[in-house]
There are 2 protein chains.
Amino acid sequence: MVGRVPVSEATPGYELPLRLFAAFRAAIDEVHAELARRGHPDVRPMHGFVFQAIGTDGTTAVDLAARLGVTKQAAGKTIAALERQGYVERAADPGDARRKTVRLTARGVEVLALSARVFDQVQDRWAAVIGADRLAALHTDLAAVAPGELFRLDAPGWFGADR
Amino acid sequence: MVGRVPVSEATPGYELPLRLFAAFRAAIDEVHAELARRGHPDVRPMHGFVFQAIGTDGTTAVDLAARLGVTKQAAGKTIAALERQGYVERAADPGDARRKTVRLTARGVEVLALSARVFDQVQDRWAAVIGADRLAALHTDLAAVAPGELFRLDAPGWFGADR
DNA sequence: CCATATAGTAAACCTGGTTGTCGATCTTGG
DNA sequence: CCAAGATCGACAACCAGGTTTACTATATGG
């Protein structure tokens with residue numbers, strides 16, 4: 001065998017994906033543990049991303065579904081659940097009677113801000129562990145390796161939404 | 001405000017987790033697209049890891065469940081499904097009549113080897129994109145930031161198993 | 001030898017997606 | 001202007017894949 005040694009001879013290729021997933025999980029779990037501690041125990045892992053996708057401007061069920069990569073029915077269920085818990089509210093669209101604008105309530109905005117803050121804390125802590133330069137490299141390398149839509153969250157399950 | 005600028009001011013903290021997940025997905029999807037192309041369209045995303053967890057030595061349902069972080073019943077369902085598809089077989093344990101050893105069939109070993117090969121290919125391709133040193137850094141940084149059990153796959157859902 | 005622990009299995013249930021269908025409303029082309 | 005088609009949101013039925021609970025059979029240790 002001649003030529004450069006492939007990386008795979010050093011580390012089995014399945015390991016990195018597992019590490020990626022483990023790190024993802026660790027971040028998410030940490031954020032939601034903190035959310036629970038701060039009075040939002042019902043917020044499920046994916047809700048943070050849903051809030052992010054709704055944003056402070058509001059959106060519609062169809063649009064939300066597209067952003068999350070799920071069917072509009074699934075998005076509708078999630079919205080209904082979040083509405084029940086008081087995190088979002090639906091209002092008729094004045095310009096289009098078919099649409100209902102989904103908007104975060106004050107409580108929803110609070111969770112959005114809080115979760116953003118905790119995500120930042122996690123990131124800062126990671127930066128402290130591996131160094132800010134390495135963290136930045138993580139960003140750029142991952143973006144290079146897996147470009148494309150960031151918000152594809154059609155990953156139900158351990159993410160458990162609704163309720 | 002005095003002192004060092006936190007990373008979070010550069011990039012919102014929720015972005016890195018999404019990147020981690022996106023990269024994870026990209027790798028998994030690629031492997032299973034290739035598996036499907038090579039005659040194993042029924043192998044679901046998490047099965048690769050299940051195969052990995054079973055290994056060439058075989059295991060038992062309880063042990064597998066512990067490795068995957070699910071209940072033994074869930075592991076039992078997965079095993080039953082894989083058995084139906086001819087990827088694993090169950091044999092009585094000569095030393096303990098309660099146990100049934102789960103072992104990969106020839107077909108199962110084939111998938112295990114194939115998926116390992118494709119994972120390696122993906123990793124090599126990533127190394128070509130970002131450089132072998134950066135890839136190694138990815139490994140060590142992620143391990144530093146999220147240490148612990150690698151095989152915690154209690155993430156059902158977009159992973160869909162059984163059938 | 002009996003009490004307790006362990007392996008496997010099955011049934012009922014829960015969550016959270018999907019597909020299929022529908023009525024209501026908007027939009028567009030003739 | 002109006003009919004045809006597209007779009008939005010909802011509901012129902014179904015399905016996948018987990019969990020809980022409960023049971024049987026076997027092992028093991030005091």
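In the text below, chain A, chain B and the rest are named by the order of the sequence lines, each starting its count at 1.
- Between Arg44(B) atom CZ and dG18(D) atom C1' the separation is 15 Å, expressed in whole Å.
- Contacts of Glu110(B) classified as side chain to side chain contact (heavy atoms under 4.5 Å, CB included), with partners at least two apart in sequence or in another chain: His40(B).
- Within residues 86-101 of chain A, the residues approaching DNA chain D are Arg90(A), Arg98(A), Arg99(A), Lys100(A), by heavy-atom distance under 4.0 Å.
- Remark: the backbone N or O of Lys100(A) is not paired with any side-chain donor or acceptor of Arg90(A) at under 3.5 angstrom.
- Taking atom NZ on Lys77(B) and atom P on dT20(D), their separation rounds to 12 Å, with Å as the unit.
- Taking atom CG of Leu64(B) as the reference point, atom C1' of dT9(C) lies 16 Å away to the nearest angstrom.
- Rounded to an integer number of Å, the gap from CZ of Arg84(A) to C1' of dA10(D) is 14 Å.
- Rounded to an integer number of Å, the gap from CG of Asp63(A) to C1' of dC8(D) is 12 Å.
- For dT18(C), the OP1/OP2 oxygens have a side-chain nitrogen or oxygen of Thr71(A) closer than 4.0 Å.
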Could you go over nucleotides 21-23 of chain D and give all protein N or O partners under 3.5 Å, atom names and distances?
unit_1  : atom_1 : unit_2   : atom_2 : d
dT21(D) : O4     : Gln73(B) : NE2    : 2.2

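- For Ala92(B), there are no side chain to side chain contact (heavy atoms under 4.5 Å, CB included) partners, not counting sequence neighbours.
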Next on the checklist: Go through it in stages, so that I can follow the logic: the residues are Tyr14(B) and Gln52(A), the test is side-chain contact (heavy atoms from CB on, under 4.5 Å), and I'd like the CA-CA distance, side-chain angles, deciding distance and then a yes or no.
Outcome noted: CA-CA 9 Å; Tyr14(B) 65 84; Gln52(A) 203 61 250; 3.5 Å; yes
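- When the side chain to side chain contact (heavy atoms under 4.5 Å, CB included) test is applied to Arg99(B), the partners found at least two apart in sequence or on another chain are Thr60(B), Asp93(B), Asp96(B).
- With distances taken from any side-chain atom of Ala74(B) to the nucleotides dT19(D), dG8(C), dA13(D), the minimum falls on dT19(D).
- Shown here are the salt bridge (charged side-chain N to carboxylate O under 4.0 Å, His left out) partners of Arg103(B), two or more places apart in sequence or in another chain: there are none.
- Partners of Arg38(A) under the side-chain hydrogen bond (donor to acceptor under 3.5 Å, both in side chains) rule, at least two apart in sequence or in another chain, are Glu34(A).
- Not a single salt bridge (charged side-chain N to carboxylate O under 4.0 Å, His left out) links Arg107(A) to another residue, sequence neighbours left out.
- Residues passing the side chain to side chain contact (heavy atoms under 4.5 Å, CB included) test with Ala116(B): none are found, sequence neighbours excluded.
- When rounded to the nearest whole Å, the span between NE2 of His47(B) and P of dA16(D) equals 12 Å.
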